[in-house]
Amino acid sequence: MANCVRMAMASSLCCSSSAAMVQSPKRRSFGVVNSAKIPMPPINPKDPFLSRLASLAATSPDTLLNRPKNSDTPPFLDVFDSPTLMATPAQVERSVSYNEHRPRRPPPDLPSLLLHGRIVYIGMPLVPAVTELVVAELMYLQWMDPKEPIYLYINSTGTTRDDGETVGMETEGFAIYDAMMQLKNEIHTVAVGAAIGQACLLLSAGSKGKRFMMPHAKAMIQQPRVPSSGLMPASDVLIRAKEVIINRDTLVKLLAKHTGNSEETVANLMKRPFYMDSTRAKDFGVIDKILWRGQEKIMADAAAPEDWDKNAGIRVLDTV
């Protein structure tokens, strides 16, 4: 009986020692894995911000982990001596062809690409969503660089649609105007297509000498319109009408300020829709220059209409 007990104990000891020998390499390998560097996920090598952040995390991770709690600098931007514009998700390889049936990457985000070039594009009527985006982009561009100019491209019917129906409050245009006036940057305004109503005010509110217009663009000023009253009581309709008159007077004062005309002149022209082509808008003071590509000399040498009539032998009859 004793011999059987000794043989059982010996066999159990042999099994435990062999199991320990088998498990010990696993423990050593586990320790090796812990001491190894954590693999970094693949990043875009063209992205300076992510590349710098990844190299800093690999060399000195304590810099990122032990950050001051009350720091005025946005997260991780202090890794640069002078912060630069970060790469946007729209940065894709130029060699990628988008004519394939299944492109490898999505097409670029055009608004982000324009913002990368410091261009703010207003291509819709001034509704709250457009105003929110434009004001946010203006503030962002000033934060990025308060010295570089901002380019505001305008193709908008203001607070109305093409058919004249009101789609936004007049305060939408005033909100963008106030944001422009608060910026430290120069604002270059360019009219492409149409600048109607409040959009014409934004066009004229650019920096002096930096207000441009495409040759075939149109500008128009008009009185604000009363929004649809619906089933409002008469007292509420009267209150809205008074507010529209206040907005009209404010629009007249701002247009007179930026165009150099008197308030009476602007108010008389605004009684009915007053359309202006690029030449007329320049004479009225809405813009400073027409963007003729290579045709400045041709337009400068063109004779005035009165000279054309005189050279053609046409006499202008005196008005009775």
Would [X] and [Y] show up in the same hydrophobic cluster when neighbours are defined by side-chain heavy atoms closer than 4.5 Å?
| X | Y | value |
| --- | --- | --- |
| Tyr275 | Val252 | no |
| Met213 | Leu201 | yes |
| Leu133 | Met169 | no |

Keeping [X] on the side-chain end and [Y] on the backbone end, is there a donor-acceptor pair under 3.5 Å?
| X | Y | answer |
| --- | --- | --- |
| Arg225 | Val244 | no |
| Ser278 | Pro215 | yes |
| Ser262 | Thr265 | yes |
| Thr166 | Gly168 | no |
| Asn261 | Phe284 | yes |
| Arg118 | Leu141 | yes |
| Arg211 | Ala191 | no |

Any heavy-atom pair between the side chains of [Y] and [X] that's under 4.5 Å?
| X | Y | value |
| --- | --- | --- |
| Ile176 | Met180 | yes |
| Val192 | Val190 | yes |
| Leu152 | Ile154 | yes |
| Ile119 | Tyr153 | yes |
| Met270 | Leu251 | yes |
| Asp236 | Pro233 | yes |
| Lys218 | Asp277 | yes |

Shortest non-hydrogen contact between [X] and [Y], atoms and distance:
| X | Y | value |
| --- | --- | --- |
| Glu148 | Asp145 | CG-OD2, 3.1 Å |
| Ser156 | Pro125 | OG-CA, 3.7 Å |
| Ala179 | Leu138 | CB-CD1, 4.3 Å |
| Pro273 | Met220 | CB-SD, 3.9 Å |

Show your reasoning for whether side chain to side chain contact (heavy atoms under 4.5 Å, CB included) applies to Ile287 and Ser204. CA-CA 6 Å; Ile287 62 171; Ser204 65; over 6 Å; no

Among Gln182, Glu172, Gln198, His258, whose side-chain hydrogen bond (donor to acceptor under 3.5 Å, both in side chains) with Tyr177 holds?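 That would be His258; it is the only one of Gln182, Glu172, Gln198, His258 passing the side-chain hydrogen bond (donor to acceptor under 3.5 Å, both in side chains) with Tyr177.
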
Distance (rounded to the nearest 0.5 Å) between [X] [atom1] and [Y] [atom2]:
| X | Y | atom1 | atom2 | value |
| --- | --- | --- | --- | --- |
| Arg248 | Ile246 | CZ | CD1 | 10.5 Å |
| Asn268 | Glu263 | CG | CD | 11.5 Å |
| Arg272 | Ile221 | CZ | CD1 | 13.5 Å |

Run the side chain to side chain contact (heavy atoms under 4.5 Å, CB included) check on Tyr140 and Leu115 step by step: do they pass? CA-CA 9 Å; Tyr140 173 77; Leu115 191 63; 4.0 Å; yes

Kindly indicate, with the supporting measurements, whether the criterion side chain to side chain contact (heavy atoms under 4.5 Å, CB included) is fulfilled by Glu243 and Asn247. CA-CA 6 Å; Glu243 182 64 22; Asn247 292 333; 3.6 Å; yes

Hey, could you give me each pair passing side-chain hydrogen bond (donor to acceptor under 3.5 Å, both in side chains) that has a residue in residues 183-194? Not counting sequence neighbours.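 Output for this query lists Glu186-His188.
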
Going through the checks in order, is the side chain to side chain donor-acceptor pair (under 3.5 Å) test met by Thr157 and Thr160? CA-CA 6 Å; Thr157 56; Thr160 60; 4.9 Å; no

For the pair Thr250 and Phe174, evaluate side chain to side chain contact (heavy atoms under 4.5 Å, CB included) and give the outcome as yes or no after the intermediate values. CA-CA 9 Å; Thr250 304; Phe174 293 146; 4.0 Å; yes

